[in-house]
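Worksheet for the structure shown next.
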Amino acid sequence: MTAEGTDTGRAKAGSERSYATDFGLDESPISEGGRWLNGRTDGVDWADVVTEHGVAHGGAVRMAVAERRAEQGIGGALDQDAAPEGDYDDPTAVLAGTWGKNQHARATVFSRNQTEEYFQEVELRLRSSISAHRCTGYEVFWRCLKTENAYAEIVRWNGEVGQFTSLARQQGARFGVGDGDVVEASIVGNVIRSFINGVEVLSATDDAFGSGNPGIGFNFGCGDTYVDHGFSHYEVETSDD
């Protein structure tokens, strides 16, 4: 594997394609030879992903409006019928090019100094796209925490910043992650699955997006703790079979 990652796409259509990286380059934003699109550089309304010291983590976010969501049930959450609050400019990066619709991503979690103060999340993206003022696709994520306030969730991004739909969510210590844990996300047909260390912890079905690209991301509003959580390895395989 090179410092920029390894891409084994097939020229005939690009659908049977894989990519793997240990984030060997220090870059802001992540590029790895032009292989990545980023939330601020390309999408404008979100934040970029940064790589340094062999870890991919979130870049600078607005930090203007903190996160409050009814389904969190923690951290001063809203009433059940209230709309979510927050900037929702998640640091986000999506692989460029053409990828198959069936996608399986795997990543190794980097996590230190875990805290209840922020909603530190590591996120894998499926069938996603980024362009100016628009980001769509599926986000599968886990909180970097090992207490009862940990959670796993699957969300659909609908386009504009802050416009998302929660498809499935579970809370509890077994749904959180720590340093060295391996998380996976897959989509085949309309079924999306979430795994921690090879064990399926969550699933959802949705028909909104039949194609798109894989990627990674992190939650907004995590203060100065972005360097404390991220990914130290990432790989993905896709196909149209």
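Below, each value reflects all heavy atoms present in this structure, side chains not excepted, and no hydrogens, waters or symmetry copies.
Residues N102 and V188 approach most closely at OD1-CA, 3.6 Å, considering heavy atoms. For the pair P29 and T41, the tightest heavy-atom approach, listed with the atom from each and the gap, is CG-OG1, 3.5 Å. N38 and A93 make their closest contact through OD1-CB, 3.8 Å (heavy atoms, listed as atom of the first residue, atom of the second, distance). Between I216 and A56 the shortest heavy-atom distance is CD1-CB, 4.0 Å. Listed here is the closest heavy atom pair of A60 and A47: O-CB, 3.3 Å. The heavy-atom pair separating A96 from L37 by the smallest distance is CB-CG, 4.1 Å.
Between H229 and F218, the angle of the ring planes goes over 60°, which puts this pair in the perpendicular group of the 30/60° scheme.
Side chain to side chain, R17 and T238 fail the donor-acceptor criterion of an N or O pair below 3.5 Å. In summary, the side chains of Q120 and S111 do not present any donor paired with an acceptor at a separation below 3.5 Å, with no hydrogens or angles considered. For E52 and H57, the side-chain atoms include at least one donor-acceptor pair closer than 3.5 Å. A side-chain donor from one of R156 and N158 sits under 3.5 Å from a side-chain acceptor of the other.
For the atom pair S186 OG and L126 CG, the distance stands at 7.5 Å (nearest 0.5 Å). Distance CG/D179 to OG/S232: 7.0 Å, rounded to 0.5 Å. With rounding to the nearest 0.5 angstrom, the OG1 atom of T51 is 6.5 Å from the CD atom of E32. Of the inter-residue distances, the one linking R134 atom CZ with D45 atom CG reads 12.0 Å to the nearest 0.5 angstrom. For the atom pair CG of D89 and CG of D48, the computed distance is 10.5 Å after rounding to the nearest 0.5 Å. One finds the CZ atom of R40 at 12.5 Å from the CG atom of D42 (value rounded to the nearest 0.5 Å).
Hydrophobic clustering, with ILVMFWY side chains joined whenever heavy atoms are under 4.5 angstrom apart, groups V109 together with L202. When hydrophobic clusters are built by joining Ile, Leu, Val, Met, Phe, Trp and Tyr residues whose side-chain heavy atoms come closer than 4.5 Å, directly or via intermediates, I30 is not grouped with F110. Both V201 and I154 belong to a common hydrophobic cluster when Ile, Leu, Val, Met, Phe, Trp and Tyr are linked at side-chain heavy-atom distances under 4.5 angstrom. Note on V55 and L95: separate hydrophobic clusters, where clusters join Ile, Leu, Val, Met, Phe, Trp and Tyr whose side-chain heavy atoms are under 4.5 Å apart, directly or indirectly. Connection of F119 to F141 is established within a shared hydrophobic cluster, with ILVMFWY side chains joined at heavy-atom distances below 4.5 Å, either directly or through further cluster members.
A distance-only check finds no donor-acceptor pair linking the side chain of E184 to the backbone of R193 [under 3.5 Å]. Without hydrogens or angle criteria, N197 side chain to D181 main chain gives no donor-acceptor distance under 3.5 Å. With hydrogens and angles disregarded, no donor-acceptor distance shorter than 3.5 Å links the side chain of E16 to the backbone of D241. Although no hydrogens or angles enter the test, the distance criterion places a donor-acceptor pair under 3.5 Å between the side chain of Q103 and the main chain of R127. A donor-acceptor pair under 3.5 Å is absent between the side-chain atoms of D22 and the main chain of G54, judged by distance alone.
Every residue meeting the salt bridge (Lys or Arg N to Asp or Glu O under 4.0 Å) condition with E235, not counting sequence neighbours, appears here in chain and number order: R106. A search for side-chain contact (heavy atoms from CB on, under 4.5 Å) contacts involving S28 returns V50, not counting sequence neighbours.
Looking at Y118 and N219, their side chains never come closer than 4.5 Å, going by heavy atoms from C-beta outward. Side-chain atoms of L124 and Y234, non-hydrogen and from C-beta on, do get closer than 4.5 Å to each other. V182 has its side chain out of reach of H233: every pair of non-hydrogen atoms, C-beta onward, lies at least 4.5 Å apart. Looking at S194 and W142, their side chains come closer than 4.5 Å, going by heavy atoms from C-beta outward. Residues Y19 and W36 are in side-chain contact: their nearest non-hydrogen atoms beyond the backbone lie under 4.5 Å apart. Counting heavy atoms from C-beta outward, I130 and W46 have side chains that stay 4.5 Å or more apart. A heavy-atom distance below 4.5 Å is not found between the side chains of D206 and N190. V122 has its side chain within reach of C144: a pair of non-hydrogen atoms, C-beta onward, lies under 4.5 Å apart.
Residue E160 qualifies as open at atom CD: its count of foreign heavy atoms under 6.0 Å is 12 or below. Atom CD of Q114 has more than 12 heavy atoms from other residues, nucleotides or ligands within 6.0 Å. Annotation: K101, atom NZ; neighbour count of heavy atoms from other residues, nucleotides and ligands within 6.0 Å does not exceed 12.
For the ring-ring contact (aromatic ring centres under 6.0 Å, His included) test with F164, the passing option among F220, W157, Y88 is Y88; the others fail.
Here D228 pairs with R112 in a salt bridge; the nearest charged N to carboxylate O distance falls below 4.0 Å. Residues D90 and R125 are not paired through a salt bridge, judged by the lack of any N-O separation under 4.0 Å between the basic side chain and the carboxylate.
Within the structure, ring-ring contact (aromatic ring centres under 6.0 Å, His included) pairs that include any residue of residues 184-211 comprise Y138-F209 (at least two apart or interchain).
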